[in-house]
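One structure below.
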Amino acid sequence: MSVHLHWFLPTGGDGRTLVDRHAYTDGGIRRDRITPVSGVRAPDIEYLAQIAKAAEQLGFEAVLTPTGTWCEDAWLTTVALTQVTERLKFLVAFRPGVISPVLAAQMAATYQRISRGRLLLNVVTGGDSTEQRRFGDHLDHDRRYARTDEFLQIVRGAWGGAPFDFKGEHYQVEGGLTALPPDPLPQIFFGGSSAAAGPVAARNVDVYLTWGEPPEEVKQKIDWIRGLAEKEGRTVRFGIRLHTISRDSSKEAWATADRLLDDLDPATVAAAQQALGKSESVGQQRMLALHGGSRDKLEISPNLWAGVGLVRGGAGTALVGSHAEVADRIEEYHSLGIEHFVLSGYPHLEEAYWFGEGVRPELAARGLLDAGPAPLDGVPAANGRPASAPGGAPLLIAGGR
């Protein structure tokens, strides 16, 4: 079982601090309404293309694109980026409750033809009723997962190449069909920590995603989903969603992590924690419990830092350390059964280079990566490191935001 490395497209905006995603009044879609904050980068297609091209060049297999009010639409953004990349796959997040399952099956099939087979699907059931109602969805938490169960059954049925009927509590479909099924069928990624989510994963998905909890807690999740899948006669693979801060030395990495907290005053953290505490997502509540809103003990496991979750919803932990230490932690999660690592960092362009040039060679030397096109092949070295960016290794402004 090899390690599959994926990166992240910040379609809600990017920057050099943890508060950058919250610096926009409207997610950065309209430039004239951006709150002035040094180092904030709007999610322009040109900037996202830089990240996508860097991820491809550095050897990442795919990039995750989020979904939500403050993000650009994942389908439209990524299909545009397929035209400026060659091999990179796109893990497109979408909410099943706001789109017809047969239409989603058709969109996926079209996407596969446009991209020549580079679509992966990330199904986001939704853990925030306020956000769901914004899109016209008024179901409660558990019923949303029941609907996702039906949704995925219909999508797979519509990909079967023959008219498909379905009658459930949430959907009734007669003759559902994708005239030209996608080839290959997109892998379906899915996450959820609640009792309602587990059976949905076991019955329907290819890859179960967890946020970056300590290894012993991740193992419990793997055992839980694996047991449910075995009862269904299925096998599910596993992935994890993490941020990374990898440097040439551990001291440099932790200094960068500390600098990310410099802009977080107590009022900002308190406001974020209050908002996140309202989430119905069990996974989100598990993220919050890792730090309890306090900065005192943020290294919750060796090289696993919960500082991101002080202000960011969703993935709230980062692997922090030297390149070898971060590789150690990835190898540890891999030994538990984690195959897919969906990674990110602030800013996403620079951190892609730090990881791709530092950690990826470590993983390759340990035999954890499949043989494939060598990233940065043919690019001359500078200062002992691949010169994948002008001047060699990416530089962060000392003391910058």
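For the single chain, residues carry numbers from 1 onward in sequence order. Computation of the quantities below employed the complete heavy-atom set of this structure, encompassing side-chain atoms and omitting hydrogens, waters and symmetry-equivalent molecules.
- Side-chain contact between Thr244 and Trp354: absent, with no pair of heavy atoms (C-beta onward) separated by less than 4.5 Å.
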**Study point:** Test log, rule side chain to side chain contact (heavy atoms under 4.5 Å, CB included), inputs Leu369 and Leu5
**Key:** CA-CA 9 Å; Leu369 301 179; Leu5 298 174; 4.0 Å; yes

Practice item. Start with the C-alpha distance between Thr77 and Thr11, add both sets of side-chain angles, then the distance that settles side-chain hydrogen bond (donor to acceptor under 3.5 Å, both in side chains), and finish with yes or no. Key: CA-CA 8 Å; Thr77 300; Thr11 58; over 6 Å; no

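- Taking the six-membered ring where the residue is Trp, the centroids of Tyr346 and His243 are separated by under 6.0 Å.
- Counting only heavy atoms from C-beta outward, the side chains of Leu18 and Arg312 never approach each other to under 4.5 Å.
- Looking at heavy atoms from C-beta onward, Leu228 lies out of side-chain contact with Glu232 at the 4.5 angstrom threshold.
- Side-chain contact check for Phe94 versus Val123: some heavy-atom pair is nearer than 4.5 Å.
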Point to revise | Derivation and outcome, side chain to side chain contact (heavy atoms under 4.5 Å, CB included), residues Lys221 and Arg286 | key: CA-CA 12 Å; Lys221 274 191 175 180; Arg286 290 170 68 108; 3.8 Å; yes

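- Checked against Thr85 for a side chain to side chain donor-acceptor pair (under 3.5 Å), the options Gln57, Arg118, Lys53 give a single hit: Arg118.
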Review point. Would Thr82 and Tyr111 count as a side-chain hydrogen bond (donor to acceptor under 3.5 Å, both in side chains) if you check the C-alpha gap in whole Å, the side-chain angles of each, and the deciding distance to 0.1 Å?
Key: CA-CA 10 Å; Thr82 64; Tyr111 195 115; 5.7 Å; no

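- Looking at Gln83 and Ile114, their side chains come closer than 4.5 Å, going by heavy atoms from C-beta outward.
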Check your understanding: How far apart are the C-alpha atoms of Val200 and Thr125, what are their side-chain angles, what is the distance that settles it, and do they pass the side chain to side chain contact (heavy atoms under 4.5 Å, CB included) test?
Key -> CA-CA 10 Å; Val200 180; Thr125 299; 5.9 Å; no

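- Evaluated for a side chain to side chain donor-acceptor pair (under 3.5 Å) with Gln132, the options Arg95, Arg144, His138 yield exactly one hit, Arg95.
- With salt bridges taken as basic N to acidic carboxylate O contacts below 4.0 Å, one links Arg329 and Glu332.
- Ring-plane geometry between Trp305 and Trp254 is classed as perpendicular, the angle between the planes exceeding 60 degrees on a 0 to 90 degree scale with a lower cut at 30.
- Between Asp137 and Arg143 there is no salt bridge, since none of the side-chain N atoms of the basic residue sits less than 4.0 Å from a carboxylate O of the acidic one.
- Ring-plane geometry between His6 and His340 is classed as parallel, the angle between the planes falling under 30 degrees on a 0 to 90 degree scale with a further cut at 60.
- With 3.5 Å as the limit, one finds no donor-acceptor pair spanning the side chains of His323 and Glu362.
- Residues that satisfy the side chain to side chain contact (heavy atoms under 4.5 Å, CB included) test with Ser194, not counting sequence neighbours, are His141, Tyr145, Ala196, Ala197, Val282.
- Residues Ile330 and Leu319 form a side-chain contact, since some pair of their non-hydrogen atoms from C-beta on lies under 4.5 Å apart.
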Practice item. Give the intermediate values and the outcome of side chain to side chain contact (heavy atoms under 4.5 Å, CB included) for residues Leu81 and Ile45. Key: CA-CA 8 Å; Leu81 293 174; Ile45 193 68; 3.8 Å; yes

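- The shortest side-chain heavy-atom distance between Phe8 and Arg241 falls under the 4.5 Å cut-off.
- Classified by interplanar angle (parallel below 30°, tilted 30° to 60°, perpendicular above 60°), the ring pair Trp7/Phe60 is tilted.
- A search for ring pair (Phe, Tyr, Trp, His ring centres under 6.0 Å) contacts involving Phe90 returns nothing, not counting sequence neighbours.
- Using a 4.0 Å cut-off between charged side-chain N and carboxylate O, Glu351 and Arg16 make no salt bridge.
- The pair Arg226-Glu230 fails the salt-bridge criterion, with no side-chain N (NZ, NE, NH1 or NH2) lying under 4.0 Å from an Asp/Glu carboxylate O.
- Salt-bridge check for Arg87 with Glu56: failed, with every basic side-chain N at 4.0 Å or more from each acidic carboxylate O.
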